[in-house]
Amino acid sequence: MTRSADEAAEPMAAPVADRRVLTKEVWLVLALSLGASAVSAIISFTGVLTSAKPISSQTAVIVGSRAPGRPWLDLTWQIFAVVTALVPVALVAHFLARGGETMRTLGFDLRDRFRDLGRGTAVAAAIGGAGIVFYLAAYATGANLTVDPARLPDTWWRIPILIAVAVQNAVLEEVIVLAYLNRRLDQLGWSVGRSTAASALLRGSYHLYQGLGGFFGNVIMGAVFCYLYRRWGRVMPLVVAHTLIDIGALVGATYLIGKVGWLPG
């Protein structure tokens, strides 16, 4: 029997024994992916707070060179980083398969690609525009670092790598922090409110390296994405939205920082 979108998004709670296994599984997936990133971001922000410099005078670089002055080695490292960052997504697919599920259970497929693209584009336009305003406001209050999305050499592969990083970020974050985590927390018997809070706070925490603006902005984004995921029963529109937002940030900033007065750089 084919599951409906609502059934896919809100499964029945698992038996107690299975819940213990699922709890360990969730901790392992997060420890190997964005949970570890959250801890790293907290340590990084602690360093920012304990520095003698004001927060807004410090810079957070999202994509930087991994081998300055050696473009081919740099490219190799960039590709390696993108591919290995997606390994936890493969692990999620493995765990789902062991339980008789697939990535289609999360709505991560191309069944409804045109509707997913339309919804994702609309979400990206709304969230992306609001995100820029939120970042500028946070920076103006001194609560956020100066975010430099990309510091890559001016080579032929710069833009393709930035697009690849945007896709990687979108797939990793939305599959794990949005779809997988919410599904597992539902199976563990958590309420929708608790699951949404956990997902949104985790999303905010691994962006804390950008400052308080990055944290609160992503918490809000996470809550909105959780609502839309449950409403649509599919993660793919949010993957599209996140990809477009990150492409706009990474590629756009590459050409705008230092050339427009309203964008810190």
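Values reported hereafter were calculated over all heavy atoms of this structure, with side chains retained and with hydrogens, waters and symmetry mates removed. Fair warning: this is a prediction, and the values are worked out from it, not measured in the lab.
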Looking only at non-hydrogen atoms, find the nearest pair between Lys53 and Ser57 and report the distance. CB-OG, 3.6 Å
Please evaluate residues Tyr139 and Thr146 with respect to the criterion side chain to side chain contact (heavy atoms under 4.5 Å, CB included), reporting the C-alpha separation (whole Å), side-chain torsions for both, the decisive distance (0.1 Å), and the verdict. CA-CA 7 Å; Tyr139 176 81; Thr146 300; 3.1 Å; yes
Is the backbone N or O of Ile42 less than 3.5 Å from a side-chain atom of Thr46, with the two atoms forming a donor-acceptor pair by type? yes
Assigning hydrophobic clusters by single linkage (Ile, Leu, Val, Met, Phe, Trp, Tyr; side-chain heavy-atom cutoff under 4.5 Å), is Ile163 placed with Trp77? no
Could you walk me through whether Ile161 and Ile79 satisfy the side chain to side chain contact (heavy atoms under 4.5 Å, CB included) test, starting with their C-alpha distance in whole Å, then the side-chain angles of each, then the deciding distance to 0.1 Å, before giving a yes or no? CA-CA 8 Å; Ile161 283 295; Ile79 295 172; 4.1 Å; yes
Set of residues satisfying salt bridge (charged side-chain N to carboxylate O under 4.0 Å, His left out) with respect to Arg70, sequence neighbours excluded: none
How long is the gap from CG on Asn182 to OG1 on Thr196, to the nearest 0.5 Å? 5.5 Å
Should Tyr229 and Leu96 be counted in the same cluster of Ile, Leu, Val, Met, Phe, Trp and Tyr side chains packed under 4.5 Å apart? yes
Looking at every heavy atom in both Arg184 and Val26, which two are closest together, and how far apart are they? CB-CG2, 3.6 Å
For Val147, is there any backbone N or O sitting under 3.5 Å from a side-chain donor or acceptor partner on Tyr135? yes
How about Tyr209 and Val48: do any of their side-chain heavy atoms sit closer than 4.5 Å? no
Under the side-chain hydrogen bond (donor to acceptor under 3.5 Å, both in side chains) rule, collect the residues that match up with Asn169, sequence neighbours excluded. Asp246
If hydrophobic clusters are built by linking Ile, Leu, Val, Met, Phe, Trp and Tyr wherever their side-chain heavy atoms come under 4.5 Å apart, do Leu244 and Ile132 end up in the same one? no
Same hydrophobic cluster for Leu32 and Val175, using side-chain heavy-atom links shorter than 4.5 Å among ILVMFWY? yes
Donor-acceptor pair, side chain of Ser195 and main chain of Val192, under 3.5 angstrom: no
Student check: side-chain heavy atoms of Leu106 and Arg183 closer than 4.5 Å: yes
Run the side chain to side chain contact (heavy atoms under 4.5 Å, CB included) check on Val219 and Leu201 step by step: do they pass? CA-CA 6 Å; Val219 167; Leu201 287 171; 4.2 Å; yes
Which of parallel (below 30°), tilted (30 to 60°) and perpendicular (above 60°) describes Trp156 and Trp72? tilted
Any chance you could lay out the side chain to side chain contact (heavy atoms under 4.5 Å, CB included) test for Leu208 and Ser205, step after step, and finish with the verdict? CA-CA 5 Å; Leu208 192 58; Ser205 65; 5.5 Å; no
Rounded to the nearest 0.5 Å, what separation is found between the CG atom of Leu30 and the CG atom of Leu202? 6.0 Å
Donor-acceptor check, side chain of Ser40 to backbone of Ala36, threshold 3.5 angstrom: yes or no? no
Look up atom CG in Leu110 and atom CG in Leu117, then write down how far apart they are to the nearest 0.5 Å. 11.0 Å
For the CE atom of Met221 and the NE2 atom of His207, what is their distance to the nearest 0.5 Å? 7.0 Å
Minimal heavy-atom distance between Pro237 and Arg119, with the atoms involved, is CB-CB, 4.0 Å
Is any side-chain heavy atom of Leu28 closer than 4.5 Å to a side-chain heavy atom of Leu91? no
Heavy-atom distance under 4.5 Å between the side chains of Arg234 and Arg115, does that happen here? no
Glu173 side chain to Gln168 main-chain N or O, any donor-acceptor pair under 3.5 Å? no
Is there a side-chain contact between Phe225 and Val235, using heavy atoms and a 4.5 Å cut-off? no
What are the two closest non-hydrogen atoms of Ser199 and Leu178, and how far apart are they? OG-CA, 4.1 Å
CG on Leu228 to CZ on Arg230, rounded to 0.5 Å: 12.0 Å
Could you grab the distance from atom CZ of Phe45 to atom CG of Leu145, nearest 0.5 Å is fine? 7.0 Å
In the single-linkage hydrophobic clustering (I, L, V, M, F, W, Y; side-chain heavy atoms under 4.5 Å), do Leu49 and Ile43 co-cluster? no
Is a donor on one side and an acceptor on the other found under 3.5 Å between the side chain of Asn144 and the backbone of Gly213? yes
Shortest non-hydrogen contact between Ala150 and Leu162, atoms and distance: CB-CD2, 3.7 Å
Heavy-atom side-chain contact between Asp116 and Trp232 under 4.5 Å: no
Heavy-atom distance under 4.5 Å between the side chains of Ile176 and Pro88, does that happen here? yes
For Asp74, all residues meeting salt bridge (charged side-chain N to carboxylate O under 4.0 Å, His left out), sequence neighbours excluded: none
Could you pull out the closest heavy-atom pair between Arg19 and Leu188, with the gap in Å? O-CD2, 3.2 Å
Quick one: does Arg111's side chain get under 4.5 Å of Met236's, heavy atoms only? no
